[in-house]
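This report concerns only the one structure given below.
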Amino acid sequence: MIKDRGAIKWTAMMLPEHVEMLRKDWKEDTKIGKPAIDEQALEEIELIIKEAKYHSKDLVITYWQDGEFKTVVGQIWSINENSKLIRVSDKFNDCITIVFNDLVDARAN
């Protein structure tokens, strides 16, 4: 039986630019499309967020950004009704801005 090194033998023959391009393509393949959230679910999330801001409660917020789901745990710092932006202060006191239409889930911590 022939012992083959598989793809390892080809990497020495590839230029760094090609390797970088392949990695970028592989990363693009793992991206997830933006989920469709119905209007009723968005209203429920908005209510949870407003209630958490009023009572200064921690929330676990899941949102979609650039093809992947991200989760942040923290308190609502501000809600901008006009531009539909939410600013969340996490446990490291970093301020994260989230577009309201990118929200997927919000629940009390």
Side-chain angles (χ1 to χ4, degrees):
M1 183 169 172
I2 298 174
K3 292 197 176 200
D4 192 9
R5 293 182 296 155
I8 296 173
K9 66 182 176 186
W10 298 104
T11 57
M13 295 174 51
M14 295 178 70
L15 293 173
E17 295 85 12
H18 295 145
V19 174
E20 182 181 335
M21 187 173 56
L22 284 173
R23 285 186 182 143
K24 183 179 176 184
D25 287 344
W26 288 332
K27 187 174 181 180
E28 289 289 325
D29 287 344
T30 61
K31 288 192 175 184
I32 300 168
K34 185 175 180 181
I37 306 294
D38 64 344
E39 193 172 317
Q40 184 177 2
L42 280 176
E43 288 178 9
E44 185 176 324
I45 291 170
E46 184 178 4
L47 180 65
I48 291 169
I49 288 172
K50 286 182 179 180
E51 184 179 319
K53 171 138 177 59
Y54 181 75
H55 295 293
S56 298
K57 292 183 180 179
D58 283 349
L59 284 180
V60 178
I61 298 175
T62 305
Y63 62 99
W64 179 89
Q65 184 179 29
D66 295 330
E68 56 188 3
F69 293 109
K70 297 186 178 186
T71 302
V72 63
V73 178
Q75 290 187 349
I76 302 298
W77 191 57
S78 68
I79 301 171
N80 189 334
E81 297 280 337
N82 295 333
S83 60
K84 296 289 186 182
L85 294 175
I86 300 166
R87 298 185 82 190
V88 180
S89 176
D90 67 1
K91 62 182 176 180
F92 302 112
N93 289 329
D94 292 335
C95 191
I96 299 163
T97 303
I98 303 170
V99 178
F100 187 75
N101 290 332
D102 291 341
L103 290 173
V104 176
D105 187 31
R107 61 185 187 282
N109 187 11

_What I want to find out is whether Lys50 reaches Glu81 closely enough, with some N-O distance under 4.0 Å, to be called a salt bridge._
yes
Is the shortest heavy-atom distance from the side chain of [X] to the side chain of [Y] under 4.5 Å?
X	Y	answer
Asp102	Lys34	yes
Tyr63	Val72	yes
Asp90	Ile96	yes

According to a 4.5 Å side-chain heavy-atom criterion applied to Ile, Leu, Val, Met, Phe, Trp and Tyr, with indirect links allowed, do [X] and [Y] form part of one hydrophobic cluster?
X	Y	answer
Leu85	Leu103	no
Val60	Ile86	no
Met21	Trp26	no
Leu59	Ile37	yes
Phe100	Ile79	yes

> Should we say atom CD of Glu44 is surrounded by more than 12 heavy atoms from elsewhere, each under 6.0 Å from it?
Replying inline: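 Atom CD in Glu44 is not packed in, count stays at 12 or less.
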Is it the case that the side chain of Gln75 and the backbone of Ser56 share a donor-acceptor pair, with hydrogens and angles ignored and the cut-off at 3.5 Å?
yes
Next on the checklist: Could you walk me through whether Ile76 and Val88 satisfy the side-chain contact (heavy atoms from CB on, under 4.5 Å) test, starting with their C-alpha distance in whole Å, then the side-chain angles of each, then the deciding distance to 0.1 Å, before giving a yes or no?
Outcome noted: CA-CA 5 Å; Ile76 302 298; Val88 180; 4.0 Å; yes
